[in-house]
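Below you'll find the structure, written out as structure tokens, and then a few comments.
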Amino acid sequence: MSDMPMVRADGVSKSFGSNEVLKGISLTVDPGEVLCIVGPSGSGKSTFLRCINHLERVDAGRLSVDGQLVGYREKGDKLYELKPKEAAKQRREIGMVFQRFNLFPHMTALENVMEAPMRVRGISKAQATARAEELLARVGLGDKGDHYPAHLSGGQQQRVAIARALAMEPKLMLFDEPTSALDPELVGEVLDVMKGLAKTGMTMIVVTHEMGFAREVADSLVFMDGGVVVESGDPREVLSSPKHERTKAFLSKVL
């Protein structure tokens, strides 16, 4: 294990106009750690996730992944934003799974998983096909490679989206409420894939409402509200005996 955190946030702030969404978030995630972030809607969870792979620009503070500053280069004591091409290269190392599956509707499940490694990493079609088949099998969809997204359930589409993110061999996986757009009976199949991924030692940051998943799988839990980290710690401790009134109030509604 490296001593260096996989993710380090130091005083990360972000505003949209006059609305300060993140107010100095500081936290670290170690290699192989699963961090779950919970909190009410509008607390800044998704924005923070989007800052980690520079889909949103931070206004203050700094974020680094695997020791590298995200989205910026440091020269002297000044930060310079990376060119879009350089930022995109950094983003390859970070897999992201969104609430909506964002699959290409005109491509089969297999083609969706093959696309980025071929286009971005330049691997051969034969290699990409073999890897995509292996990943679809891993998420339990080995027999669905020739299906188009419209012919897959929401849970199956989300599992294809996870396979697609894994196809780029990321060092970090970000999940932004990956089950909240799913029918309740389909949530379990996606969470099972994520549990399997956690067991392989993948570093994961998961924004979720699934408290059972957080309790069972996460190594640490962060409760965010109003753009700040209100409480963090061992998931079982935070969920069973929260110390902060805001955490208690939130958990009393969701547990």
Side-chain angles (χ1 to χ4, degrees), residues 6-7 29-39 45-46 49 52 94-104 108-114 116-117 130-223 234-236 238-240 251 254-255:
M6 180 58 80
V7 179
V29 182
D30 290 327
E33 183 179 343
V34 178
L35 167 71
C36 279
I37 303 179
V38 303
K45 310 182 299 291
S46 294
L49 218 52
I52 295 173
I94 304 171
M96 185 148 182
V97 177
F98 300 89
Q99 208 167 341
R100 300 271 162 208
F101 327 118
N102 301 341
L103 297 176
F104 297 117
T108 63
L110 192 71
E111 289 164 344
N112 263 285
V113 180
M114 288 165 63
R131 175 87 175 124
E133 285 172 345
E134 182 192 316
L135 286 167
L136 285 174
R138 186 170 159 190
V139 299
L141 295 171
D143 57 342
K144 300 282 192 242
D146 57 351
H147 287 49
Y148 288 91
H151 300 136
L152 297 171
S153 71
Q156 289 170 334
Q157 288 185 59
Q158 191 60 296
R159 286 187 279 154
V160 173
I162 293 172
R164 180 180 61 180
L166 291 174
M168 290 295 282
E169 300 185 3
K171 52 175 88 163
L172 168 68
M173 284 284 283
L174 307 175
F175 293 88
D176 188 9
E177 305 200 9
T179 57
S180 63
L182 299 177
D183 292 333
E185 70 271 20
L186 302 176
V187 168
E189 64 191 52
V190 173
L191 293 180
D192 284 344
V193 168
M194 292 168 65
K195 286 174 194 171
L197 196 53
K199 286 196 180 100
T200 68
M202 173 63 79
T203 313
M204 296 163 57
I205 302 181
V206 185
V207 168
T208 186
H209 293 296
E210 301 293 335
M211 300 300 160
F213 174 83
R215 182 183 278 116
E216 185 185 337
V217 182
D219 299 297
S220 47
L221 181 86
V222 161
F223 169 66
D234 178 283
R236 288 151 291 279
V238 174
L239 292 172
S240 58
L251 292 175
V254 297
L255 287 179

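Heavy-atom basis, side chains included; hydrogens, waters and symmetry copies ignored.
Contact detail for Val190 and Gly155: the closest heavy-atom pair is CG2-O, 3.7 Å. Considering all non-hydrogen atoms of both residues, Gly95 and Ala165 come closest at CA-CB, 4.2 Å. Here the closest non-hydrogen pair linking Arg138 and Leu197 is NH2-CD1, 3.2 Å. Of all heavy-atom pairs between Asp219 and Pro235, the closest is O-CD, 3.5 Å. Taking both residues in full, the closest heavy atoms of Pro149 and Leu103 are given as CG-CB, 3.9 Å, listed atom of the first, atom of the second, then distance. Residues Arg159 and Gly140 come closest through the heavy atom pair NH1-O, 3.6 Å.
A 4.5 Å side-chain heavy-atom check between Lys144 and Leu152 finds at least one atom pair inside the cut-off. Contact annotation: the side chain of Gln156 never approaches that of His147 to less than 4.5 Å [non-hydrogen atoms, C-beta and beyond]. When side chains are defined from C-beta on, Phe98 does not count as touching Leu49, because their heavy atoms never get closer than 4.5 Å. In this structure, Val29 and Leu172 have side chains that are not in contact, with every pair of non-hydrogen atoms separated by 4.5 Å or more. Val160 is not listed as a side-chain neighbour of Val139, based on a closest heavy-atom distance of 4.5 Å or more. Residues Leu35 and Met6 are not in side-chain contact: their nearest non-hydrogen atoms beyond the backbone lie 4.5 Å or more apart. Pro178 places none of its side-chain heavy atoms less than 4.5 Å from the side chain of Gln99. At a threshold of 4.5 Å between non-hydrogen side-chain atoms, the residues Leu221 and Cys36 count as touching.
Here CG of Leu174 is found 10.5 Å from OG1 of Thr203. Values are rounded to the nearest 0.5 Å. To the nearest 0.5 Å, the span separating CD1 on Ile52 from CD1 on Ile205 amounts to 3.5 Å. Rounding to the nearest 0.5 Å gives a distance of 11.0 Å between CD of Glu177 and CZ of Arg100. To the nearest 0.5 Å, the span separating CE on Met114 from OG1 on Thr108 amounts to 8.0 Å. Considering CG of Asp176 and CE of Met96, their distance stands at 5.0 Å, rounded to 0.5 Å. To the nearest 0.5 angstrom, Asp143 atom CG is 9.5 Å from Leu136 atom CG.
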Go through the steps for Val217 and Met194 under the test side-chain contact (heavy atoms from CB on, under 4.5 Å), then give the verdict.
CA-CA 9 Å; Val217 182; Met194 292 168 65; over 6 Å; no
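A donor-acceptor pair under 3.5 Å links the side-chain atoms of Arg236 to the main chain of Arg215, judged by distance alone. For Lys45 (side chain) and Gly39 (main-chain N/O), a donor-acceptor pair under 3.5 Å exists by modelled atom type. A donor-acceptor contact shorter than 3.5 Å is absent between the side chain of Arg164 and the backbone of Asn112.
Each of Val187, Leu191, Val193, Leu186 was compared with Glu189 under the side-chain contact (heavy atoms from CB on, under 4.5 Å) criterion, and only Leu186 meets it. With Val97 as the partner, the side-chain contact (heavy atoms from CB on, under 4.5 Å) test is satisfied by one option alone out of Val206, Ile162, Asn102: Ile162.
Listed by first and then second residue, the ring pair (Phe, Tyr, Trp, His ring centres under 6.0 Å) pairs that reach into residues 173-223 are Phe223-Phe250, sequence neighbours excluded.
A side-chain donor from one of Ser220 and Glu33 sits under 3.5 Å from a side-chain acceptor of the other.
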